[in-house]
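First the structure, in the form of structure tokens, and then the observations on it.
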Amino acid sequence: QVQLVESGGGLVQPGGSLRLSCAASGFTLDDYGIAWFRQAPGKEREGVSCISSSDNTTYYADSVKGRFTISADNAKNTVYLQMNSLKPEDTAVYYCAADPIKCTWYRLNGQRYLEDWGQGTLVTVSS
């Protein structure tokens with residue numbers, strides 16, 4: 001049974017940092033891509049980043065390039081999203097999801113085809 005559990009959200013001041021974790025079980029990271037999405041109040045859910053750990057390929061939304069870094073620890077079956085230089089507009093619930101075709105659905109904006117999601121973790125950027 002595929003399970004994803006996010007953690008690491010919280011309240012941070014603008015310019016601060018947070019690291020989100022997505023712990024996966026029921027499959028190995030080599031077989032999937034893991035994507036991060038976020039949904040701000042009143043807005044649609046949007047893709048943030050994705051990693052295919054089998055070939056270490058990463059993807060980022062333009063809005064987070066240079067500020068966020070996605071990485072994977074295959075030994076722990078966990079994907080991380082390091083978020084630096086946070087802005088108020090980064091405030092959202094962040095979700096991780098398993099992409100069975102290694103970030104292809106992420107790149108094609110096909111999140112509706114992703115079946116396995118975590119419960120989400122809230123990130124609030126505010127002074």
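If you read the sequence from its start, that first residue is 1, and numbering goes on from there.
- N56 meets the side-chain hydrogen bond (donor to acceptor under 3.5 Å, both in side chains) test with no other residue; sequence neighbours excluded.
- Within a 6.0 Å sphere centred on CD of E115, other residues, nucleotides and ligands contribute 12 heavy atoms or fewer.
- Among residues at least two apart or in separate chains, salt bridge (charged side-chain N to carboxylate O under 4.0 Å, His left out) pairs with a member in residues 90-112 are R38-D90, R67-D90.
- Listed by chain and number, the residues in a side-chain hydrogen bond (donor to acceptor under 3.5 Å, both in side chains) with Q39 amount to none (sequence neighbours excluded).
- Side-chain atoms of S63 never come within 3.5 Å of backbone atoms of A61 as a donor-acceptor pair (strictly under, hydrogens ignored).
- Among residues at least two apart or in separate chains, there is no salt bridge (charged side-chain N to carboxylate O under 4.0 Å, His left out) pair with a member in residues 15-35.
- Under the rule for a ring pair (Phe, Tyr, Trp, His ring centres under 6.0 Å), the partners of Y32 that lie at least two apart in sequence or sit in another chain are F27.
- In this structure, a donor-acceptor pair under 3.5 Å is present between the side chains of N84 and S17.
- A donor-acceptor pair under 3.5 Å links the side-chain atoms of Q119 to the main chain of E6, judged by distance alone.
- The disulfide (SG to SG under 2.5 Å) contacts involving residues 93-127 comprise C22-C96, C50-C103, where partners must be two or more places apart or lie in separate chains.
- Residues I70 and V79 come closest through the heavy atom pair CG1-CG1, 3.8 Å.
- Here the two rings, on F37 and W117, have centers that are under 6.0 Å apart.
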